[in-house]
Amino acid sequence: MKKQTDLEQRLCDEEDSYDAVVVGSGYGGSVASFRMSMAGIKVCLIEKGRQWEAHDFPTDSLKIMSALRVENRNLGVSFGPKDALFQLYEQGDSLAAIACGLGGGSLVNAGVMLPTPVRARRNPKWPKEWEWDWDSCEASAATMLRVQRAPVRFTVSKVMGEIADGQIEESCEDLVKLSINFDLEDPPPHLMKLQQTGSCLACGNCLAGCPYNAKNSTDKNYILSAIQAYSLQLHISKSCFNQNFFVMQAGCIVKTGCQVQYVFKNSHESYLEGKTSRKRRRWLVYLNEIDYVAADFVILSAGVFGTTEILFQSQMRGLELSDTLGSGFSCNGNTVAFLAGSPAPLTAYGLDRKQILERPFQKRPGPAISSSHTSSLGFTIQSAVLPTAYPYLVFKGIVSYGWPTGYWFFHGIIDKLKHVMGFQASQAVALNAMGYDESDGKIIFDKDTNKICFSPPCDPLLPQKVKAFQKLAKKLGGILFLSRYRSTSVHLLGGCNAASDPSHGVCNSNGQVFDTKAFTTVHPGLYVCDASLIPCSVGINPSLTIAAAAEHVSKYLVKDVLEYKSKRGIDLAVKNVGQYPILAVGRKSRSTDRSIVAIKETMKGYIRRGKVGGYIVFEAIEKDHLHVIDGEVDLCKVDYRTPYTQFMHYRLLLASSSGSRYVLEGQKIMNPFLLALYAWREATTLHVTFKNISGKSSRPETINITGELRISLIELLKSLMSLEGNRRRRFIALFAQALLRTYILQIPRGNHKACVLLDSYNKPYPNTTIYEIETEDGYIISCKQWKCSQTSCHLKIEEQQNPVLLLNGYSTESYSLPSEPNDLVRTLLEEGREIWLLQSRLHPLHPANNFTIEDIARFDIPAAIAKILELHGKSTKVHVVAHCVGGLAVHMALLGGHVSSTHIASLSCTNSSMFFKLNALVYIQNVASPDPCINGHIRRGQNFGSIGNIENQFSTPAPEMHSLFHSTAKHNKGSHGSIFPPQKNLQFRIYSE
């Protein structure tokens, strides 16, 4: 119990932990985390991958293969760890590569930092608002990333510079700056003390991760500064504590190895009983089907595929998003080739530690990319050094084809053998072309596989880039290996494009996600801040462009967060938010029709109690899955009022893609009666209620459905087999123990003394007004009246409903039970009804007197109804709910003409007992009787026959009447009697023995 309490407290505290959650740590997420942390905002940075130190990066082919994940969408197969450093996606004739780790793509890219070309900034899709401060944003990003030039011109750069002018049409060499530390410049004095970085050794292994800690990846500047901001605030808070000062901890906390699945707008308050939080955050960021982190602001920076997938998954759970989600996908015109067997002194192979010591600095390969040439046709070609860890066979004939044709397929094997045996391998260099594609690619979400699929954009410059590669190959000599894929991209852009309205993009220019409920509104607190914002290809390495866009978004993001925190601090002081949502209950249905409901659930927690995730398939309500957003299960719930009965309780909050939200509550009840005759049925049957609570539904009417869910033996065995570790054995033991204790040993559960600690007993009972009424024969009786005010009811009453008169049985109270949390009085008040409870001369509170039941029928009931008519008008009709002697008395009042049937809206009579049993003779007599009875069969003697007919003139509206009957039935389970709709020509028959 203590562990469970600690778990619930931890989740409650976590829900109140962060002002903002940033998903992803690349050039977008790192910038947002840093800017918010420096502004004193409490940030949680969530990264799917792990943290990579310099010594962790792969340095040979075996290690790099272990750090690789490949997903072939054509074959539907994948292999490699999900948090692998390198992630390859093959779809159709396209190949896309991304990086995964703390620092994102900055860990393994070449670190090229080129300003955004004017051509890209003049594209009609480019947000005009970005131009206002674009240059300053680029400058800020370049400063933080410590952009530098290489100190020398390396060999491959010289060779490419000599031949590029003649082979690439009207080309010009670009000034390449890199986010690499060449130990030539000191960090700016205004920056915080950053992690000590090494100096570049020009080994050429940049694309596998720098093993010498010389690359200025985002984990060494932006993210480290954000973490240091948290440490600084924490230090100030501790130092001021003894002086009675309180400084709120701010800065950034990093969680690695956590993959975000979707985000959910937390607008439902807390629907679970007993779950409250000090402050309700606006967004829930789910890491799996159960665990989540709550925040007021969520910044999605998980890259093009990651951010788009999260939004697709969120859309399936009701988040209103633009129809352009996934559109505008660009591969930045990427085309990759590999030139091998060249006699030119390219020296474009990476070096290991031994080789580095053997060569002077200027004779080494240098950084991965040190030369860049842009053609007037609109594309850029860069030479790249392949790390020593890269498996060259992948580039030589496996995922490529050679030009010119000949023995090229075997070239890779021969060259690899030379390399292994220590002979001088042939010179080689990788070529990367970038250009301006049409940015008309598409990312879609496959609901069957629950994965994204993509199709690349049209690239009109592809033939020109291939020709340029061939010209370079002729000049340099050797064999040109061209990619087998139409698009081989390492620079993915778009998918959540920034635009002026939802018809053209997913976000506005500030990164705020559009809410399609209105044309120009946004989801408060939901931002996108990564490469998926860029609406078009940029034609060069986009790293600096992405960082500049993130700097622009962060300016407005920080302002938005600070303004919200300021307003929230004022509002929380004066605003009291209710604990429970208002449930709009409308049509209530109960049917004998069977519907198939498929449930896939994931449970997490302790054996007895835990969290629930998954989805429900209920096609009669929603065509798509109903996803569990929040849920709890208690396998061993105890009700101290019925200690011999075993309960299992479910409470699930569901969300659909249509925006509707539902609550499913279920309860399994196992009663220790009839020698376990119904044990299996009770153990495998879940009594459920299903209702919608908010959102736009595919069904216009309000839903409130009651039914049963049953699990077959096969499905039960499948569920048991799905349990992991020793949980299967523990669950089976618990289940068997519950059956044995309930049906065989019949041992009570819980302590009856704990019953007084229930919350329901501490709730005040509704206020009542007592009327003393003098009857026609001069006797004083009393009536209690409960009025339902709008402030105390959960439902807004649109029409005035008829009052309800409650008649007790013989010398007992059946309806007003303050010790019960859900007695009939409370239930009817919640439904907006006015209640009258007659305390007749039979009631124990009145002095002893001589009377008959006929006196109650002749004087007490007519006097009570007359009082109601006096207050509400002569045309008022009254619902009557009567029990036992009360039911007999109201029958006598109607049949004797003491009460006119024109004043009765409906009549419901019961005779209930907790555990009612019938002997065989009575059961046969009940079934064989041809006549319907109102208040059941009262068997006291011989059959006196029919005593009369009555013309029923009840005329209450059907929905109101059925609602009342349903409420009454809920509190009279197991009753002997009948709850019936009004009928005409009812025949009453009283039996006696």
Side-chain angles (χ1 to χ4, degrees), residues 24-27 29-30 46-73 77-90 95-111 179-180 198 201 203-220 223 254-259 302-306 336 338 349-353 365 367-369 384-396 398-400 412 416 419-420 430 432 451 483 488-492 543:
S25 58
Y27 288 108
S30 60
I46 299 177
E47 169 56 46
K48 172 184 174 182
R50 50 167 285 197
Q51 183 178 6
W52 290 83
E53 301 291 347
H55 58 81
D56 297 328
F57 291 113
T59 54
D60 57 54
S61 298
L62 292 179
K63 290 182 179 179
I64 203 170
M65 293 302 294
S66 65
L68 173 68
R69 176 174 176 81
V70 177
E71 292 194 15
N72 191 317
R73 301 294 169 79
V77 297
S78 60
F79 60 88
K82 291 186 177 181
D83 62 345
L85 180 61
F86 301 94
Q87 314 242 340
L88 299 180
Y89 296 88
E90 183 179 356
L95 185 69
I98 62 175
C100 180
L102 185 62
S106 67
L107 295 174
V108 294
N109 67 5
S179 58
I180 295 176
L201 301 180
C203 66
N205 292 309
C206 304
L207 299 182
C210 181
Y212 306 108
N213 204 32
K215 186 185 294 186
N216 292 321
S217 52
T218 59
D219 59 322
K220 297 181 179 66
I223 297 176
V254 178
K255 295 178 181 289
T256 57
C258 301
Q259 183 176 4
V304 172
F305 286 166
V336 179
F338 184 74
Y349 280 123
L351 304 178
D352 57 26
R353 291 182 180 271
I369 294 177
V385 180
L386 287 180
T388 183
Y390 269 35
Y392 304 126
L393 285 176
V394 173
F395 299 93
K396 298 177 180 179
I398 296 180
V399 295
S400 59
K416 187 65 177 178
H419 188 75
V420 172
N432 177 36
K451 294 182 179 179
S483 173
T488 305
S489 180
V490 294
H491 300 151
L492 306 180
S543 301

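The first residue of the sequence shown is numbered 1, and numbering continues consecutively from there. Please read all numbers here as calculations on a predicted model, not as lab measurements.
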Are side-chain heavy atoms of [X] and [Y] found at a separation under 4.5 Å?
X      : Y      : result
Lys215 : Phe57  : no
Leu492 : Phe305 : yes
Ser489 : Leu95  : no
Asp56  : Arg50  : yes
Leu85  : Leu107 : yes
Leu207 : Val108 : no
Arg69  : Lys82  : yes
Ser543 : Asn109 : yes

Going through the distances and angles, do Asn213 and Lys220 end up as a side chain to side chain contact (heavy atoms under 4.5 Å, CB included)?
CA-CA 9 Å; Asn213 204 32; Lys220 297 181 179 66; 2.5 Å; yes

Rounded at 0.5 Å granularity, tell me how far [atom1] in [X] sits from [atom2] in [Y].
X      : Y      : atom1 : atom2 : answer
Asn205 : Thr59  : CG    : OG1   : 8.5 Å
Thr388 : Asp60  : OG1   : CG    : 8.0 Å
Ile46  : Thr256 : CD1   : OG1   : 11.0 Å
Tyr390 : Met65  : OH    : CE    : 12.0 Å
Thr218 : Ile223 : OG1   : CD1   : 4.0 Å
Tyr27  : Ser106 : OH    : OG    : 5.0 Å

For [X] versus [Y], what's the shortest heavy-atom pair and its separation?
X      : Y      : result
Ala368 : Cys206 : N-SG, 3.4 Å
Pro365 : Cys203 : CG-O, 4.0 Å
Ala84  : Ala67  : CB-O, 3.5 Å
Asn432 : His491 : ND2-CE1, 4.2 Å
Tyr212 : Asp352 : OH-C, 4.5 Å
Pro58  : Ala208 : CD-O, 3.7 Å

Taking side chain to side chain contact (heavy atoms under 4.5 Å, CB included) as the test, write out the residues that go with Cys100, two or more places apart.
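If we apply the side chain to side chain contact (heavy atoms under 4.5 Å, CB included) test to Cys100, skipping adjacent residues, the hits are Glu47, Lys48, Gln87.
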
Worked verdict on Ile64 versus Phe86 for side chain to side chain contact (heavy atoms under 4.5 Å, CB included)
CA-CA 8 Å; Ile64 203 170; Phe86 301 94; 3.8 Å; yes

Return yes if a side-chain donor-acceptor contact under 3.5 Å exists between Thr488 and Ser483, otherwise no.
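Present: a donor and an acceptor within the cut-off.
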
Regarding Lys63 and Ser66, do their side chains bring together a donor and an acceptor under 3.5 Å, going by distance alone?
no

Check step by step if side chain to side chain contact (heavy atoms under 4.5 Å, CB included) holds for Asn216 and Ile180.
CA-CA 5 Å; Asn216 292 321; Ile180 295 176; 5.6 Å; no

